[in-house]
Amino acid sequence: MGSSFCQEYIELLEGSEDIKIDGKTGNYIVKGNVVFKKEETKLYCDSAYYNLVHNTVRAFGNIHLNKEDTLNMFCDSLFFDTKKDYAKLYGNVRIRDNEYKLTTDSMDYDLKNNVGIYKNKGVITSISSSDQLSSDIGYFYPNSKQFNFRKNVVYTSNDFTVKSDTLQFNANSKKAYFFGPTYITNQDIKMYCEKGWYDLNEDEGVLENNASIENENLNIGADSLFYSSKDSLYIAKKNVLITDTTNKIGFQGDYAINDERNKFAFITGHALAKRFEEKDTLYIHADTLYNYSDSLGKPMLMQAHKKVKLFRGDMQGICDSLIYDKTIGEMNMFTNPTLWAQNAQLTSDTITIYEKDNRIHRAFLRKNGLVATPVDSTNYYNQVAGTLLNAYFDSTQIRRVDIEGNAKTLYFLEDEDESDTAIVVNRQGMNRIFSSNITLRFVDGDIETATYRDSPDGLVYPISDIDKKEERVEQFKWNEENRPLSWQDMIYSEDEKKIILELYSRIFRNI
């Protein structure tokens, strides 16, 4: 037996086993092989109450709601407002189209706008792949294949696991958007952000707000991170921190590119390179830093351009550009380089530093080389100058200097008178010696012995009778005011230092 109603509402198709009307409630009670139809939507169930006045259907048992032959919904019971095209599904809810299956315990479905909502946990599973997503609250739009999830969101596939507070996902584009703390992990990498997106087809995305990426040997943190797995490319912006834990090096700055495929990294804006050593850390700052690695990912070459500064607890330096070849332990400093090692200052047209066991072994000063040390409590300087200088180090103390070509030494003679209460240093005079080649040996930064070759020409001036023209060599310079005091001092401008100091001052005033 079948009845039909106005197509604006709903139609009960023929085939039901039993139909009755309840005079008190106005409900039609339909049982056995029940099928309702409204436009492109069909509702199958074992039994139903249909209220013509309120335009509602309550369905029970083996419910199947089919929309346009593509979207199928199953549940134990259902309430359907036929005028508003709004359904509420209860008990063992399953929704399926050609690509995805959703399971939950209850759901609201707006058939007019094609929007499904669950608020008590749900799981969406791909029919064609291992993709699965679960959340406490979910909104999905079958027409556009758009899904919005909130609270305890977990997405898993063969390649990735994503955990987030809020996630939007489009099944067509395979693009996910994150809002709130989000963790992305696979076998090789861990990612974190508080906002961003990821394209699962292209295996690339942008992570923002406290973003970080970690793999076996590389940690990258920034305000914003672009990552492409297929290109092995990272682009980081603002507050960038990069640490290579395997090779014990790190970088920080405002903008960085790390290209693992081409073994190349670039960083600029407050750029700082760090080499972590057992006793201390070497910092290199410049406007722009480049780092190149070999085929195994080991650091091979670093280039620093413009306003280069070096800092380690026992050594500092400045120059305009620098090339550091890690494979042979050689660092070349170009254009007005200055190197400080304890109380000694080294200057030249170019300086080459040679390492042994990650420590300074020798500094080669090429053309106009000068090693100068201040004489305590005076305006005098001990000076060693020449065309070519080789300064040899023990740890960071100069132990020997070999000067070749136009060698000059100026050093101040002194005696010590020791009494019961003090040691008094008496300045005796200045020793000036010219020679083609000279070897000097140092103890605690002072000249201990000197060996002169090829017709040395020497004079000793009493301390009260030093010729002003003789007290400094032609290439003398003293750059102590430019000596870096710390790695923080290197990377901030004078204006930025003032702002930082004012900020600290406010903080301490409020403590």
Side-chain angles (χ1 to χ4, degrees), residues 1-125 135-149:
M1 178 179 177
S3 297
S4 65
F5 305 96
C6 178
Q7 190 59 39
E8 181 182 356
Y9 300 109
I10 198 165
E11 178 183 0
L12 177 63
L13 301 183
E14 293 184 357
S16 299
E17 295 176 3
D18 186 33
I19 183 169
K20 297 177 182 177
I21 186 168
D22 185 333
K24 291 182 179 181
T25 61
N27 287 330
Y28 284 87
I29 303 171
V30 190
K31 296 181 179 180
N33 298 316
V34 182
V35 182
F36 289 96
K37 180 178 184 296
K38 183 179 180 185
E39 296 175 343
E40 298 301 320
T41 301
K42 287 184 179 180
L43 170 61
Y44 303 87
C45 61
D46 290 345
S47 62
Y49 295 149
Y50 172 59
N51 190 295
L52 185 61
V53 175
H54 296 105
N55 301 303
T56 59
V57 174
R58 294 184 182 275
F60 306 93
N62 294 311
I63 294 168
H64 176 196
L65 189 65
N66 174 265
K67 184 171 173 38
E68 297 176 348
D69 292 327
T70 56
L71 185 66
N72 295 281
M73 297 178 246
F74 305 89
C75 61
D76 296 336
S77 64
L78 174 145
F79 172 81
F80 188 13
D81 187 323
T82 63
K83 190 170 184 179
K84 294 180 180 178
D85 266 356
Y86 201 91
K88 290 181 175 287
L89 293 74
Y90 303 98
N92 196 26
V93 178
R94 291 100 61 212
I95 299 178
R96 179 171 179 154
D97 64 7
N98 295 331
E99 296 181 49
Y100 286 89
K101 179 177 71 173
L102 185 153
T103 59
T104 184
D105 68 350
S106 61
M107 168 167 285
D108 291 3
Y109 198 91
D110 184 341
L111 284 91
K112 187 175 183 179
N113 297 308
N114 264 332
V115 182
I117 306 167
Y118 64 82
K119 297 182 178 180
N120 194 28
K121 299 183 179 179
V123 177
I124 295 178
T125 306
S135 67
D136 290 356
I137 300 171
Y139 297 76
F140 73 101
Y141 306 83
N143 287 354
S144 62
K145 293 292 190 293
Q146 179 74 24
F147 301 87
N148 297 347
F149 306 98

Residues, nucleotides or ligands: over 12 heavy atoms within 6.0 Å of [X] [atom1]:
X: Lys145; atom1: NZ; answer: yes
X: Tyr49; atom1: OH; answer: no
X: Arg58; atom1: CZ; answer: no
X: Asn62; atom1: CG; answer: no

Should the pair Asp85-Lys38 be classified as a salt bridge under the 4.0 Å nitrogen-to-oxygen rule?
->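 Yes.
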[atom2] on [Y] to [atom1] on [X], rounded to 0.5 Å:
X: Asp108; Y: Tyr90; atom1: CG; atom2: OH; result: 6.5 Å
X: Lys37; Y: Glu11; atom1: NZ; atom2: CD; result: 6.5 Å
X: Thr104; Y: Ile95; atom1: OG1; atom2: CD1; result: 8.5 Å
X: Leu78; Y: Leu89; atom1: CG; atom2: CG; result: 4.5 Å
X: Phe79; Y: Thr56; atom1: CZ; atom2: OG1; result: 5.0 Å
X: Thr103; Y: Arg94; atom1: OG1; atom2: CZ; result: 9.5 Å

Main-chain N/O of [Y] paired to [X] side chain as donor or acceptor, under 3.5 Å:
X: Thr41; Y: Lys67; answer: no
X: Lys112; Y: Asn114; answer: no
X: Thr82; Y: Asn55; answer: yes

For a quick test of reading the model, state the closest non-hydrogen atom pair linking [X] to [Y] and the distance between them.
X: Phe60; Y: Cys45; value: O-CB, 3.8 Å
X: Val34; Y: Ser47; value: CG2-CA, 4.1 Å
X: Leu65; Y: Ala87; value: CD2-CB, 4.5 Å

Among Lys42, Arg96, His64, side-chain hydrogen bond (donor to acceptor under 3.5 Å, both in side chains) partner for Asn72 = His64
Full working for side-chain contact (heavy atoms from CB on, under 4.5 Å) between Tyr28 and Leu12 = CA-CA 11 Å; Tyr28 284 87; Leu12 177 63; over 6 Å; no
Would you check if Tyr118 and Val93 make a side-chain contact, meaning some heavy-atom pair closer than 4.5 Å?
->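 No, every pair of side-chain atoms sits at 4.5 Å or beyond.
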From CA spacing to verdict: side-chain contact (heavy atoms from CB on, under 4.5 Å), Tyr109, Phe140 = CA-CA 10 Å; Tyr109 198 91; Phe140 73 101; 3.8 Å; yes
Determine whether the aromatic ring centres of Phe147 and Tyr100 lie less than 6.0 Å apart.
-> yes
Determine, step by step, whether Phe80 and Phe36 satisfy the ring pair (Phe, Tyr, Trp, His ring centres under 6.0 Å) criterion, reporting the C-alpha distance in whole Å, the side-chain angles of both residues, the deciding distance to 0.1 Å, and the verdict.
-> CA-CA 11 Å; Phe80 188 13; Phe36 289 96; 8.5 Å; no
